[in-house]
Amino acid sequence: MDAKRVAAIIALALLALVPPVAMAADAPFYVGLFARIMVFAIAAVSLDLILGYGGLVSFGHAAYLGIGAYAVGILSFHGVTGGFAHFATAFFAAAAAALVIGFVSLRTSGVYFIMITLAFSQMVYFLGVSLNQYGGDDGLNIARHSNFGAALDLKDPVVFYYFVFALLLVFLFLGSRIVRSRFGVLLQGVKSNERRMIALGFPTFRYKLAAFVMAGAICGVAGALFANLTLFVSPSIMHWTRSGEILMMVILGGLGSLIGPVFGAAAYLILESVLSRLTEHWQAVLGPILILVVLFSKTGLYGLFAMGARRRG
Amino acid sequence: MIYVVEQVLNGVQFGVMLFLMAAGLTLIFGIMNLINLAHGSLYMVGAYVAAASFAATGSFLLGLAAALAVAVIVGIAIEIVVFRTLYERDHLDQVLATFGLILFFNEMVRIIWGSTALYAWVPDFLSGRVEILPGIPYPVYRLAIIAVGLTVALLLYLLIVRTRIGMLIRAGASNRIMLGALGVNVRMLYTLVFALGAALAALAGVMAGPIFTVESGMGESVLILAFVVIVIGGIGSIRGAFIAGLLVGVVDAVGRAFLRPLLTVFSSSAAAAKFGPALASMLIYVLMAAVLFVRPQGLFPPRGR
């Protein structure tokens with residue numbers, strides 16, 4: 001077993017141990033923090049699918065997070081509480097949005113792609129702001145968690161934690177299957193040399209669009225989880241800085257591995273949580289840290305971790 | 001009729017301001033191939049320094065001078081400290097590093113000037129209204145913005161097309177390696193262009209102060225619109241930035257003013273009231289998506305690249 005795989009298994013095992021340890025230490029705060037970390041990890045993993053493997057720098061990924069969260073919010077508002085309805089709607093609504101956005105955006109490349117995905121997420125953001133019926137700018141409170149029956153009561157923080165954990169595992173597993181499939185290899189071919197893939201006769205647009213839709217749909221599920229975590233949705237979840245944060249998590253963790261974004265999400269949110277307790281002006285510290293990471297680390301945290309292990313081994 | 005002229009002028013005024021921002025962005029992108037999200041921070045720094053020094057000295061022009069000077073110094077400082085390492089990196093790294101800069105500057109502004117918004121006055125010699133057409137009064141200050149914007153556009157055109165510096169800038173945009181091989185100090189040229197962009201952003205910020213609120217994070221909304229402008233105009237093209245700036249400004253202002261009454265013609269007024277404002281704020285993004293759908297390189301892609 002190689003070092004990378006060991007690092008991944010240790011990290012996931014540690015995540016599984018968080019609730020019992022936190023409860024034993026009488027610090028339930030950490031259950032919430034790590035649930036949040038895993039929700040963003042799912043979003044970051046979905047972005048990594050297209051960014052790390054397809055080379056598509058989407059700067060509007062928060063839009064799907066928002067669509068997933070609003071799916072739960074709006075359905076609850078109209079009295080639909082069923083968990084399957086919530087998550088299926090979040091999944092398919094985000095997939096549909098990604099299909100439309102991807103269809104237009106993927107015609108462009110490079111900077112134009114970055115900017116057009118940003119523009120689309122701004123459109124979705126302003127759509128959220130204008131939904132006066134659902135709270136507009138102020139957002140919408142959600143009365144109850146998604147209902148999966150008595151056996152899976154998401155109101156219990158520990159149950160919710162393991163629900164998120166299970167979904168994270170599912171998406172990591174699915175992701176690793178996708179990446180190693182013919183489809184995933186094609187996607188990586190597009191990343192390294194799209195012109196050659198076209199010359200070889202592959203309809204690259206279709207492959208990119210399929211990956212884009214998958215990423216959007218998974219991020220929609222993360223959005224539904226986020227709505228359950230906070231029991232509140234507002235347009236701020238889709239603010240463009242959120243897209244920047246998700247990108248940052250992927251980069252912090254290191255591109256080109258699926259487990260990397262999990263490390264990245266943990267590092268980013270823990271850093272944020274620690275700094276914001278130290279000083280009110282934590283962003284003045286976080287900003288330069290992010291700059292330093294980008295300037296001086298090419299492999300991300302997970303890369304450093306795995307590289308250290310390889311050197312020793 | 002009065003209302004229409006007023007809205008179109010508002011659009012033009014917003015458009016030239018977007019142009020000032022977009023001109024710097026498009027120059028920096030065209031020549032150094034750098035995406036600079038922190039451009040909005042220079043706009044914010046300009047607005048803050050001008051508002052604070054205007055309040056302290058009572059002179060608008062002194063405030064303007066201070067704002068330009070500080071923004072140029074800050075611009076050169078971040079160029080040397082951060083951007084020189086970033087030129088050779090891919091766009092993703094540039095986006096993220098400049099994203100970090102935004103967080104930093106927004107917070108620094110809060111530390112220095114507090115988190116409440118600053119109030120910026122219109123200077124006395126530009127206050128009041130003037131009749132531009134019989135029966136149509138319009139604020140002098142907004143007319144002044146339009147005049148300054150058009151003047152700067154003209155000067156910028158002359159600078160780039162008629163001067164030696166402009167020739168070097170154009171040469172740098174088409175082939176910087178060749179330019180360096182010919183003995184031009186490309187690094188110096190980069191810093192110079194960056195300082196120019198910073199000054200333009202600060203100028204836009206100073207003029208925006210009395211119209212919008214001067215607050216932390218004010219740079220981002222205009223930054224995103226400026227990106228829309230350069231993408232529509234074709235990245236690297238000053239002419240494209242100018243035309244797209246005016247287009248976006250006018251479409252935005254006119255959309256906000258007339259979309260709702262227009263919708264009432266086709267549907268119930270309740271529906272119009274509901275979707276009018278939403279559509280209006282989405283309109284320029286729709287415009288951008290439509291332009292890119294038809295012309296993925298923007299309206300005026302620069303030649304030779």
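Each chain gets a letter, A, B and so on, in the order its sequence line appears, and its residues count up from 1. Below, each value reflects all heavy atoms present in this structure, side chains not excepted, and no hydrogens, waters or symmetry copies.
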When you check the side-chain N and O atoms of R277(A) and S273(A), is any donor under 3.5 Å from an acceptor?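 A pair is found: one side chain offers a donor N or O, the other an acceptor, under 3.5 Å apart.
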Within the 4.5 Å heavy-atom criterion, are L223(B) and L25(B) side-chain neighbours or not?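 Result yes, sub-4.5 Å side-chain heavy-atom pair found.
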Structural part of [X] lying under 4.5 Å from a heavy atom of chain A:
{"X": "Q94(B)", "answer": "neither"}
{"X": "L37(B)", "answer": "side chain"}
{"X": "L283(B)", "answer": "neither"}
{"X": "I224(B)", "answer": "side chain"}
{"X": "I35(B)", "answer": "side chain"}
{"X": "V286(B)", "answer": "both"}
{"X": "F99(B)", "answer": "side chain"}

What residues of residues 235-244 of chain A sit under 4.5 Å from chain B when only non-hydrogen atoms are counted?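 So far as heavy atoms go, W240(A), T241(A), G244(A) are the residues that approach chain B to under 4.5 Å.
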Residue part contacting chain B, namely of [X], when any heavy atom lies under 4.5 Å:
{"X": "I289(A)", "result": "neither"}
{"X": "V57(A)", "result": "side chain"}
{"X": "I114(A)", "result": "side chain"}
{"X": "F113(A)", "result": "neither"}
{"X": "Y125(A)", "result": "neither"}

Decide if the gap between the ring center of F40(A) and the ring center of F226(A) is smaller than 6.0 angstrom.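 Judged by ring-centre distance (under 6.0 Å), F40(A) and F226(A) do meet the cut-off.
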Please find out if less than 6.0 Å separates the ring center of Y134(A) from that of H78(A).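 They qualify: ring centres under 6.0 Å apart.
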Which pairs count as ring-ring contact (aromatic ring centres under 6.0 Å, His included) when at least one residue sits in residues 233-255 of chain B, sequence neighbours excluded?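 Pairs touching residues 233-255 of chain B that pass the test: F19(B)-F242(B).
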Geometric class of the Y64(A)/F212(A) ring pair [parallel <30°, tilted 30-60°, perpendicular >60°]: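 Perpendicular, since the angle between the ring planes exceeds 60°.
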Determine, for F205(A) and R107(A), whether the Lys NZ or Arg CZ falls below 6.0 Å from the six-membered ring centre while staying within 45 degrees of the axis.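 Negative - R107(A) is either too far from the ring of F205(A) or too far off its axis.
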Looking at E272(A), I want to see if its CD is surrounded by more than 12 non-hydrogen atoms of other residues, nucleotides or ligands under 6.0 Å.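 More than 12 within 6.0 Å, yes.
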